[in-house]
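Taking it in order: structure first as structure tokens, then the write-up.
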2 protein chains.
Amino acid sequence: MNIGEAAKASGVSAKMIRYYEQTGLIPPAGRTAAGYRDYTMKDVHVLRFVRRARDLGFSVAEIDGLLQLWRDRGRRSADVKRIALGHIGDLRRRIAEMQQMAATLEQLAACCSGDDRPDCPILADLERPSQVASDEPKRMRGAVDGRSPRGRKPQKSKSRKTSRK
Amino acid sequence: MNIGEAAKASGVSAKMIRYYEQTGLIPPAGRTAAGYRDYTMKDVHVLRFVRRARDLGFSVAEIDGLLQLWRDRGRRSADVKRIALGHIGDLRRRIAEMQQMAATLEQLAACCSGDDRPDCPILADLERPSQVASDEPKRMRGAVDGRSPRGRKPQKSKSRKTSRK
DNA sequence: CATGAACCTTCCAAGCGTTGGAAGGTCAAG
DNA sequence: CTTGACCTTCCAACGCTTGGAAGGTTCATG
């Protein structure tokens, strides 16, 4: 089976199959005399595993761990569960953050007349200084994605008390 | 005010300020004789706008639109609202997908004993062929992110009926 | 057999937003 | 003058995926 057929059978694009091989997530496939990658049903099985895990939002790193456990007959299900629970926590966190954003925006949008006039509470909100310096827990500001690099790190920058004016 | 001070005052890192300038999101800052970027309070105001919009999850492209509207005294609030509603829709969609993932995983994790034995319903689920070919509505399989490139496109590849065996 | 379509190969680049670092210049204070 | 904290530009990486170019292979057709 060549890579195109393996892609169709597994649901993983040929591009991604090569990428996963390159990064070591999956072992190098066999090769035909002509140099074409050659896949067995077992390989497709692995690819489907990867695909399903991606569908559930696991990162490639997490999938790597899951794959190793999958192959390990002597694994402890606790290890699998730990990875899954960690991922669930990630998801719940990101969901909560996005819900917070959506709620704020919906509130603002509800107050916006949405007509030809320029006055807009949405812009008014964006304009106001972000209330970061409060004593609140300071929860990851933009963080939504957890995985995609959307404003994750709190942008510390320590403090730099000198006022060079 | 140099870039470090502007960063502290706006909550946008110096790195990102340079990046936003480079990509044209914000206009080039003034320069001192020595070549240092020089910021006014007005510049900081813009940066804070950007920051707040990022916090609400707007993409840079969306912020670009919002900034233009912000500067446009003759804007129609409807245009602002449209962008906001579009973003809310994005958020809601991504939230729903992540909730679906989390729910599935929680169900699986709940069935996993999480002990020293190898049997694990989580791995069993990952192993099974993804149920794509059913007659169901076929809802975006991997799509979670909307913005981050997480399995969005259904990976078409048309069809290629020949079975080269 | 020659042609061409449809595959395969590798390599390079982009995209999101952000961070890190290197190499060098500048500013203020000691 | 030296020192350290800033600034400058440029290049690279993160995670995941896609696109394309340039070239080789396979197979069915004319």
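Each chain gets a letter, A, B and so on, in the order the sequences are listed, and its residues count up from 1. Just so you know, these numbers use all the heavy atoms, side chains as well, and skip hydrogens, waters and symmetry mates. Keep in mind the model is a prediction, meaning the values are calculated, not measured.
Distance from the side chain of A/Arg37 is smallest for C/dT9 among the nucleotides C/dC11, D/dT17, C/dT9. Relative to the side chain of A/Arg31, the nucleotides D/dC16, D/dT8, C/dT9 differ in distance, and C/dT9 lies closest. Side-chain proximity of B/Ile3 to the nucleotides C/dT18, D/dT18, D/dC7 is greatest for D/dC7. Side-chain proximity of B/Ala34 to the nucleotides C/dT26, D/dC7, D/dT17 is greatest for C/dT26.
With respect to the salt-bridge test (charged N to carboxylate O, under 4.0 angstrom), the residues B/Arg82 and B/Asp79 qualify. Of the charged side-chain nitrogens involved, at least one lies within less than 4.0 Å of a carboxylate oxygen, so that A/Glu21 and A/Arg37 count as a salt-bridged pair.
Straight-line distance from the OH atom of A/Tyr19 to the P atom of C/dC11: 16 Å, rounded to whole Å. Per the geometry, CD belonging to A/Glu5 stands 12 Å off C1' belonging to D/dT26, to the nearest Å.
For the pair A/Tyr39 and B/Ala33, both in contact range of DNA chain C, the more 5′-proximal nearest nucleotide belongs to A/Tyr39.
Taking the six-membered ring where tryptophan is involved, the planes of A/Trp70 and A/Phe49 are essentially parallel, since the angle between them stays under 30° and well short of 60°.
Only the C1' atoms considered, C/dT9 is 22 Å distant from D/dC16, to the nearest whole Å.
Distances shown here put a side-chain N or O of A/Asn2 below 4.0 Å from the OP1 or OP2 atom of C/dC8. Look at B/Ser13 and you'll find a side-chain N or O under 4.0 angstrom from OP1 or OP2 of C/dT19. A sub-4.0 Å separation between OP1 or OP2 of D/dT17 and a side-chain N or O of A/Tyr20 is present.
Donor-acceptor pairing under 3.5 Å, judged by distance alone, is present between the side chain of B/Lys15 and the base of C/dG21. In terms of polar N and O atoms assigned as donor or acceptor, the side chain of A/Tyr36 comes within less than 3.5 Å of the base of D/dG24 in a complementary pairing.
Using a 4.0 Å heavy-atom cutoff across all strands shown, A/Arg18 reaches at least one base atom of the nucleic acid.
A/Ser77 and B/Asp119 share no donor-acceptor pair across their side chains, judged by distance under 3.5 Å alone.
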